[in-house]
Structures are given as C-alpha cells and as structure tokens.
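Scroll down for the structure; my scribbles are underneath it.
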Amino acid sequence: MVDRDLTGSEGSEGVEGAGIEGMRGIVGKKILTYDSTLRDGEQSEGIVLSLEDKLRIVERLDAFGIDYIEGGYPASNPKDTAFFQEVAKLPLKHARITAFGSTCKKEVKAENDEGLRDLLECGAKTIALVGKTWDKQVTQALQTNLEENLRMIADSITFLKSKGVQVIFDAEHFFDGYKDNANYALACLRIAHAAGADSIDLCDTNGGALPFEIESVVSKVVATFPNQTIGIHCHNDSGCAVANTLTAVVAGASQIQGTVNGFGERVGNTDLLTTIANLELKMGYECVGAENLKQLTSVSQFVAEICNRALPTHHPYTGASAFAHKGGLHASATARFPQAYEHVAPEAVGNTTRMLVSELAGKATLVAKAKSLGIDLDENKPQIQGILNEIKRREGEGYSYEVADGSLAILIESQLGRFKPHFRLESFRVIVDDCESASVAAGEVASEAANAAASEAANEAASEATIKIHVGEQRFVATGEGIGPVGALDTALRMAITAFYPEVADIELVDFKVRILDENVGTDAVTRVVITSRDKQGTWGTIGVSENIIEASWKALVDAIDYGLMRMGK
C-alpha cells in the first residue's frame, strides 16, 4: 500500500551525511553512466546535430564505455525517428540506447497513449520516462490533480515493464518538489518503485539546488528505498552540477546523468566527463575503467568538434590548459615534482603537460593513433619526431585532427614519403549566380500564380565549379553544378576523376562544418572546414584551413577523396 499523504510536508531533514571518509567511496564500486548529449546537449543554444553527427557520437561514447546513451524522443521529429532506425544497425559493444519520453497523458490509459506506443515502437530496450514530482507542477503545468499524476506514473511504468523494456524513471523537479511538499514527492517515488522502475533518477531540473541540500535529500531517498537503484540528473544553473552529482553519489546514488562537456539548455548540464574523472581518480569508484579513462580528453574534443563548439582551454581535465605551466620556478618545480601543480597525472585522462611533453610520450601517442588508422609506425624511426613537429606546426595554423582522421592519415603517410596523391590540381574556379526571376513584360498583367512563382524563384543561388586537374600524364577539365560552392566542387572533381577511379562513386559527402577561428579580425579571419565522408566501410573526417573559405573547403574535399581511395587500396 502506497502512502499517499498528499497535503503534509515532511521537511527536508535527512540521514546524516557520509562525511569525509565516505567521500572516498567504496573502492571499485560501479557507478552507472548515462549520457544525454544527444537530447539535453542539443538543447544548448547554437548546437544542431545532424543524423550522422548523432551516430558518430554514439560510436565514440560506446567505445569509451558509457552505459546508457539517450537518443531523444523518437517521434518528436523525423531526425530522431531516423536515429533510432539507424542506431539499431550499429554494432555497439557496450552502451544501451535509451529512448526518452513522458508518462501517459492525463485521463488516458497507458495502453492507449500514443507517446508510449511511439517509445515502444522505436525499438529501444531502455526507456527514460519523465514524470512530475512537484505538486505545483502537477496542478499548474499539467493542470490535473495529485492523484491523477500518481496514476499516470504507475500506469505508464507498469505498461512499459509489461512489454519487457527497462524503465528509468526521471523524477522531474524532484528537489523543488521535496522542498515544497516532501510527502508528495516521495509518494511519486514510492509508486514508481512499486510499479517496477529499474532506476529512479532524481532531477534538479531548475539547477538551483546546492550540495548540502542534495546530500540531505538523496540520503533520505536512499534510506527510504534501500533496494532501489537511485540516479541523479543535475543542471548547472547555480554552478554546482558536478559538485551536486558527486555529493549524490556519496549519499548513495549509483547512476549519474550528464552530457559531454556539460552542454545543455540554459547554463548546461552536469559535465559527465569531469564527473567520471573525479569519481574514478579522486573517490575510488569505477565508471569506465582506468584504461578507457585515458580517452577522456579525446572524447571531449571529439564531441566539441562535432557540435561545432570550441572547447574552453581551461576546461577541467580535458582543456588544452588543464595541465599547462609557464616558465620559471613553476615549470622547474613541476619537472621535479609534478604533483606540486598537477592534481592528477595528465596521462590518466589522455591529456599532457604542455611544457613538459616528453618525446617518448608524444611518440607513443602518435604510434597508437596511427595503428588505429591501419598505419604501422616504429617509435624509433627518426621520421616520428618530424611528424609530431608537423602536426604541432599545423595546429598552430588552426588545424585540429581530433575529428579529421583522414587528413591525419594523409599527413603521416606524406611525412613517411609513402603517400602519392591520386590527382594534381592545376586550377579551379567557382561561380555563384544569384538567379533573379524574369521581370513581367511591360503592359502584361501578372497573375497571382505568376507572382507566387516569381517570388519562389527569386534569390535562388546556383553554384558552378570548373576544375582542371592531372591524373598521371593526362589532363582533365570538368564543370559541375551544385546547391553551394562545395557541392559544385565535389561534383566537378568526381566528374574529372571517375574515369580513372570509378570507386569514387562509393564515397559520399555527408556533412560540412565551418568555424571562424578568430572572429575579431573580420574578413581576414582564418576559417576551418571539416568534412565528414563515408563509404561502405564507415565514416571519416577531413580538414582544411585557410583565410579563404573556398580554399579551406577544397583542401578538406581533396583529402576526403584521397583518403577514401587510399582506404580502398587505390
């Protein structure tokens, strides 16, 4: 029998905190990780992910060892519908793809609720179900009564569990609800627990809770539901999301939610990567394991690049300045006693001490990366240092190889003297025409339909590219058209080389990103272009950098075709 004292307020006093000793954690205890980058992260202002972006992030997080990856609400838009169809085809090794939705609508039975049917039909084996736990939200936002909300929670979870899926109940606005009416907030958890929720995750939806409040409330919940998996979902509006999440774990939570780099609505969500590093390196818990933790920096940079966001240099653990030291006494002391100015070993999270990078460490990293690209390198070869120097030189120009494996492979092979370009450019020219609609002849009365057609045709920009290239000893000239300059260049290039390399038809350009690296210099700013391509074997990224966006695009496009053919052994 569920206690439904809906009117009283139990207060917020909870079980006494674990103290400093408890903060060290239970060595080796597994903490489940739940990533919401593809939903909460995409709600961050300025972030728009394509379907291909989402699939690439899934693959990267799966390899990193994340337990749950939330893909969004499957019926909210065509892209998310397609995501669940395509992600099911990926050979994931670890992560469980999770669909997100809400409880059934008021006065609608769960089995008749369209939203719940959409969740089941998407094929995800885990469903995150959000439900109201703040009495004011129930009466004012849902505009229903407290009893009906409890019915919606119980009915929805029971229905989904009967279909054999795992259910994570997201207790929305739980901490605000607990402050206002603890009895009702707990009643919502009791009924979710009784209905069979696999995990109950407490949400600080407004991001306004502070660590001491989190500890008190989570301790109370854990004591009330000793055999229930309790999770935590925090937002960063008060700047405490990571601290609140760590505190919740100390208080007994065993599942953490967050996003890569803390991307999210308003101020953002818990930074899942920072939290994982703290739990593993500082508190003795296990999230992804020590070996996978070495990927932390590359995962952070990879997702930032996919989201077309610059990762702050001072970002904890993964930023370029996280382990940077200036010259003089500071650097000297760090050389003798790194712990004096480095709270953890940079290598543990895949980062480096920027002023003290050893040749051996740099070479080892390059050799491992090359191996993942199918290139065998010997650490003792003299060319290795030359490759490292060239990478550093190009990074100074604005290149970034975190999501440009294709360009990196070409750079390595070029430095080794083994790369032979599949074609040589003589010149290219791009023309963009602004196609205005023809004016109506004098004296002619334009019909409403003619005006509509004219309006639609006006300002349609068509691009045309002419390319002159050499393949072997032969010279080819080709002209292609496209919606934009890059599309036109791509078309012309393919037309020019198809006779020699028919396999180019299997290479598809699927994404194109532009970033202005120094906006303060106006039209003289350096532009970075990243192109994502794919063939039957998988996807790869290439990069181009120039003050001219067309030139940067051409460099990335050439690398895309060259690397695609190189992958095929051509």
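One is the number of the first residue; the rest follow in order along the sequence. In what follows, every heavy atom counts, from backbone to side chain, and hydrogens, waters and symmetry copies are set aside.
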Quiz item: Can you find a side-chain donor-acceptor pair between Gln255 and Thr229 that sits under 3.5 Å?
Solution: no
Quiz item: Where is the tightest heavy-atom contact between Gly65 and Thr33, given as atom of each residue plus distance?
Solution: O-OG1, 4.1 Å
Quiz prompt | Side-chain heavy atoms of Ile256 within contact of Tyr34, under 4.5 Å | solution = no
Exercise. Report yes or no: is the cationic atom of Arg309 (NZ for Lys, CZ for Arg) under 6.0 Å from the centre of the six-membered ring of Phe263, at an angle within 45° of the ring normal?
Key: yes
Practice problem: Could you pull out the closest heavy-atom pair between Ser553 and Ile531, with the gap in Å? | Solution: O-CD1, 4.0 Å
Self-check item: Pairwise distance CD(Gln43) to OG1(Thr37) - rounded to 0.5 angstrom
Solution: 12.0 Å
Quiz prompt | Heavy-atom side-chain contact between Val529 and Val486 under 4.5 Å | solution = no
Quiz item: Partners of Asp176 by side chain to side chain contact (heavy atoms under 4.5 Å, CB included), sequence neighbours excluded?
Solution: Trp134, His173, Asn206
Quiz item: When the ring planes of His233 and His235 are compared, do they come out parallel, tilted or perpendicular, using 30° and 60° as the limits?
Solution: tilted
Exercise. For Thr126 and Thr98, test the side chains for any donor-to-acceptor distance below 3.5 angstrom and give the result as yes or no.
Key: no
Practice problem: Would you give the length of the straight line joining atom SG of Cys307 to atom CD1 of Ile47, rounded to the nearest 0.5 angstrom? | Solution: 4.5 Å
Practice problem: Taking the six-membered ring of Tyr68 (Phe, Tyr or Trp), confirm whether the NZ or CZ of Arg96 is under 6.0 Å from its centre and within 45° of its axis. | Solution: no
Quiz item: Rounded to the nearest 0.5 Å, how far does CG of Asn278 lie from OH of Tyr285?
Solution: 12.5 Å
